[in-house]
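See below for the structure under consideration.
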Amino acid sequence: SFTYNLVFGSLCKIGKIKGAKNLYGRMTKLGVVGNVVSYTSFIVALCREKNLVEAKMVFSEMLEKDVSPDVVTYNTLIHGFCGNGQFEDALKMVTEMIAHGINPDIVTYTTVIKGLCKERKVEEALELLNVMNHQGLHPDKFTYSILFDGLCKDGRLDDAVRLFNDMKGSGFGDDIVCYNTLIDGFCKMGDMEGAYRLFEEISEKGLERGVVTYNTLMDGYCKIGKSEVARELLCDMERCGLGPDVVTYTTLVCGYCKEGNLEQAGHLLDEMICRGLEPDGITYRVLADGIRRKGVFQEAEGLLYHSK
RNA sequence: ACGUGGGUGUA
């Protein structure tokens, strides 16, 4: 049984959902009962596939077998429902966990806050922040980054910055994801000065910029027609020992396409392939779109052929 | 022993 749980958990974790389902069936037949952890891992895997129906079934089965779900199990389902646009079901799970005497923790609150942001109910998300504070549960870097993102995407960059100052005051404020989120907020507003200020602040704080940091800033420059500046940032990131990824190149390709510079776009596509980076569907869509806009269909064949 | 939440590219 110990071994079953271990193997089962591993299968779920590495996304071998088919194998996990298989083993689950065999375990059921043999009467081997999983523990909370393996059940939860299974539910995580199902939620990742957006298979909330089966996730909920497995949840019911664990109840039938008297394996009590814990806060992690509930959080997993709540997250799954939120990510699948089933916010109401997520809330039902919250009610249910409370009814079973399991207290929502910081992850529960943060997950629901994210769900609310996704529903464009940022104001309610902020209210929930208040509620959790009242419960003595204090927001962490996850909670903050989610709220920054929600506020920025709702056009409330100023409020995000205010909240960032609160965060700094409470001793956090040194999280790279929070910086990236806010940099994106500034970029999306076209405020590259603000974005760059935060970009510099990262180093001042002794934090390390990541690939996402660069990608975000680069996209900001591309969006205002300064792809050349973005390209210089690519050199900069490499000097810092950061390897560009598909997103980096797609961002640049997109920038040049928007400027109508298909030559540079094509050159960057070559470059990324030469470096062993695989263009994905988005890369090709960006290119196809850029080419279509220019009306050079012959080039499409050339570029696509070349990239094979 | 093992399981849950955050950021970047395409209209």
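First the proteins, then the strands, lettered A, B, ... as listed; each starts at 1. Computation of the quantities below employed the complete heavy-atom set of this structure, encompassing side-chain atoms and omitting hydrogens, waters and symmetry-equivalent molecules. Keep in mind that what you see is a predicted model, and the values were worked out from it rather than measured.
Rounding to whole angstrom units, CD1 of residue A/Ile176 and P of B/U8 are separated by 14 Å. At whole-Å resolution of the value, CG in A/Leu163 and C1' in B/G6 are 13 Å apart. The interatomic distance linking A/Tyr249 (OH) with B/G9 (P) rounds to 19 Å, in whole Å.
A sub-4.0 Å separation between OP1 or OP2 of B/U10 and a side-chain N or O of A/Lys223 is present. Contact annotation: A/Lys118 does not reach the phosphate of B/G6 (side-chain N/O to OP1 or OP2, under 4.0 Å). Taking side-chain N and O atoms only, A/Lys258 has a distance below 4.0 Å to OP1 or OP2 of B/A11.
The side chain of A/Thr283 has B/G9 as its nearest neighbour among B/G5, B/A1, B/G9. Side-chain proximity of A/Ile282 to B/A1, B/G5, B/G9: nearest is B/G9. Closest to the side chain of A/Thr251, out of B/G6, B/G9, B/A11, is B/G9.
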Secondary structure string for RNA chain B (Watson-Crick or G-U under 3.5 angstrom, | for other-strand pairs): ...........

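Contacts between residues 51-73 of chain A and RNA chain B, counted as heavy-atom distances below 4.0 Å, involve A/Asp70, A/Val72, A/Thr73. Less than 4.0 Å separates RNA chain B from at least one heavy atom of each of the following residues of residues 40-48 of chain A: A/Thr40, A/Ser41, A/Val44.
Scanning both residues, A/Val246 and A/Thr283, for their nearest heavy atoms gives CG1-OG1, 3.8 Å.
Donor-acceptor pairing under 3.5 Å is lacking for the side chains of A/Thr216 and A/Asp219.
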